[in-house]
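Here is the structure we will look at, set down as structure tokens.
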Amino acid sequence: MKQLLVNFIYSLAVVLLILLIWYIASLWISVDLILPTPGQAIISLGSCLTEAEFWISLGWTLLRSIEGFVFAFVLSLVFSILSYCFKTVERLFTPLMAIVRAVPTMAILLLLIIIISPNLTPIIVAGIVICPMLYQSFLSGFQQIDKDLIEMANLYRVPLKRQILQFYIPNMKPIILDHSATTFSLNIKLVIAAEALAQTRNSIGKLMQFAKVNLDVGRLFALTIVAVVLSLLSEVLLRSLRKVLIPYD
């Protein structure tokens with residue numbers, strides 16, 4: 001409890017410091033179209049919260065983020081299991097994932113905007129970008145499992161189902177939950193960026209793009225605050241879930 005209080009105080013202090021720097025910078029620049037004050041951004045945020053369009057866009061953005069993450073998670077898990085079980089598959093996927101990591105996200109995004117629907121672009125982009133990260137994490141987790149233990153289980157003909165429940169899942173659970181928390185937060189930011197460029201209908205990204213075109217900087221900052229809070233909340237919730245599922249780790 002004491003540690004939670006200390007963490008809260010430090011987090012609050014950081015937020016207040018950021019707001020103070022922002023406020024001083026806005027006074028120094030003294031041009032609302034370039035940098036509004038925190039108060040103006042909060043007023044714009046309050047205005048957003050009263051609009052049905054904002055809540056619809058927020059819901060669709062969150063849904064796309066979940067779909068993109070699930071897409072990447074399933075692919076990464078399947079590929080990592082195949083690579084763990086078959087060395088030939090690992091030799092194929094290792095350079096493939098390296099190439100995917102090396103391709104600029106903007107290039108992937110622009111190509112997908114041309115090829116597929118704007119509604120699918122954010123989902124696919126987010127999935128492609130975070131898939132190599134999850135794949136490498138999952139594969140490393142499988143490779144860290146004690147091979148002698150697995151060999152002994154095979155020697156005594158322990159059923160595969162029992163091995164999965166007693167060896168694989170307990171070892172992989174912390175890795176999966178930890179990396180899911182960090183990558184889902186990144187996934188939200190990727191989805192919003194893709195929505196802005198793809199002009200995805202009913203999305204936070206499109207609202208940001210419209211705010212930029214209309215030079216409504218206060219609204220743009222307000223939507224940015226929403227994106228930051230959404231990313232932070234998702235990471236906190238997933239890390240809290242980890243503590244519930246693995247209380248003594």
Side-chain angles (χ1 to χ4, degrees), residues 61-113 115-116 119-145 164 168-198 200 203-205 224 227-246 249:
T61 293
L62 187 57
L63 179 61
R64 290 186 193 99
S65 299
I66 294 170
E67 289 174 341
F69 179 78
V70 170
F71 167 66
F73 183 91
V74 171
L75 279 183
S76 303
L77 189 58
V78 170
F79 290 164
S80 62
I81 291 172
L82 290 174
S83 296
Y84 174 70
C85 294
F86 308 103
K87 281 294 177 184
T88 304
V89 176
E90 183 185 356
R91 293 190 188 101
L92 289 172
F93 276 121
T94 298
L96 176 62
M97 291 298 174
I99 292 169
V100 173
R101 276 198 302 268
V103 176
T105 304
M106 185 60 68
I108 297 172
L109 176 54
L110 293 175
L111 285 170
L112 287 176
I113 289 173
I115 297 170
I116 63 176
N119 289 327
L120 288 176
T121 296
I123 299 170
I124 305 299
V125 167
I128 289 174
V129 172
I130 67 172
C131 185
M133 300 167 60
L134 289 174
Y135 166 80
Q136 193 57 54
S137 300
F138 294 166
L139 180 58
S140 298
F142 281 120
Q143 291 173 340
Q144 288 171 14
I145 296 173
I164 291 171
Y168 290 101
I169 290 179
N171 280 279
M172 290 300 298
K173 195 190 297 182
I175 294 169
I176 288 174
L177 292 173
D178 282 339
H179 289 278
S180 294
T182 53
T183 51
F184 188 77
S185 177
L186 172 62
N187 177 66
I188 290 174
K189 289 178 279 190
L190 287 168
V191 166
I192 292 174
E195 287 174 342
L197 283 175
T200 305
S203 68
I204 294 296
T224 302
V228 171
V229 170
L230 194 60
S231 296
L232 290 175
L233 278 179
S234 66
E235 188 165 349
V236 168
L237 286 173
L238 286 171
R239 292 199 181 280
S240 299
L241 178 63
R242 184 195 190 282
K243 289 180 180 179
V244 171
L245 295 176
I246 316 174
D249 186 32

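Excluded from the calculations below are hydrogen atoms, water molecules and symmetry mates; all remaining heavy atoms, backbone and side chain alike, are included.
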When rounded to the nearest 0.5 Å, the distance separating CG of Leu112 from CG of Leu120 is 9.5 Å
Does a side-chain heavy-atom distance below 4.5 Å link Ser234 with Ile188?
yes
Residues His179 and Thr182: closest non-hydrogen pair is O-OG1, 3.2 Å
dist Ser137:OG -> Ile176:CD1 (nearest 0.5 Å) comes out at 10.5 Å
Here the pair of heavy atoms bringing Ala193 nearest to Leu109 is O-CD2, 4.4 Å
Rounded to the nearest 0.5 Å, the CG atom of Leu230 sits from the CD1 atom of Ile192 at a distance of 6.0 Å
Tightest non-hydrogen contact, residues Thr200 and Ala194, listed as OG1-O, 4.4 Å
I want to check something: taking the side chain as every heavy atom from C-beta on, are Phe184 and Glu235 in contact at a cut-off of under 4.5 Å?
no
Rounding to 0.5 Å, atoms CD1 (Ile116) and CG (Leu111) come to a distance of 10.5 Å
Heavy atoms of Thr183 and Phe69 approach each other most closely as OG1-CE1, 3.4 Å
- Could you tell me whether Glu67 and Arg64 have a side-chain N and a carboxylate O separated by less than 4.0 Å? no
Here the gap from Ile128 atom CD1 to Ile123 atom CD1, rounded to the nearest 0.5 Å, amounts to 12.0 Å
Practice item. Could you give me the CA-CA distance, side-chain angles and deciding distance for Thr105 and Val125, then say whether side-chain contact (heavy atoms from CB on, under 4.5 Å) is met? Key: CA-CA 8 Å; Thr105 304; Val125 167; 4.2 Å; yes
In this structure, CD1 of Ile113 is separated from CD1 of Ile108 (nearest 0.5 Å) by 12.0 Å
Does the side chain of Ile130 reach to within under 4.5 Å of the side chain of Phe73, using non-hydrogen atoms?
no
Check your understanding: Do Tyr84 and Glu90 come within less than 4.5 Å of each other through their side chains, counting heavy atoms only?
Key -> no
- Message: Centre-to-centre under 6.0 Å for Phe86 and Phe93, is that the case here?
- Response: no
For Phe71 and Ile124 the tightest heavy-atom approach is CE2-O, 4.4 Å
side-chain hydrogen bond (donor to acceptor under 3.5 Å, both in side chains) filter on Thr61, not counting sequence neighbours, yields Glu195
Closest non-hydrogen atoms of Arg101 and Pro132, given as atom of the first, atom of the second and distance, are CG-CB, 3.5 Å
So the side chain to side chain donor-acceptor pair (under 3.5 Å) pairs with at least one residue in residues 68-83 (sequence neighbours excluded) are Ser83-Tyr135
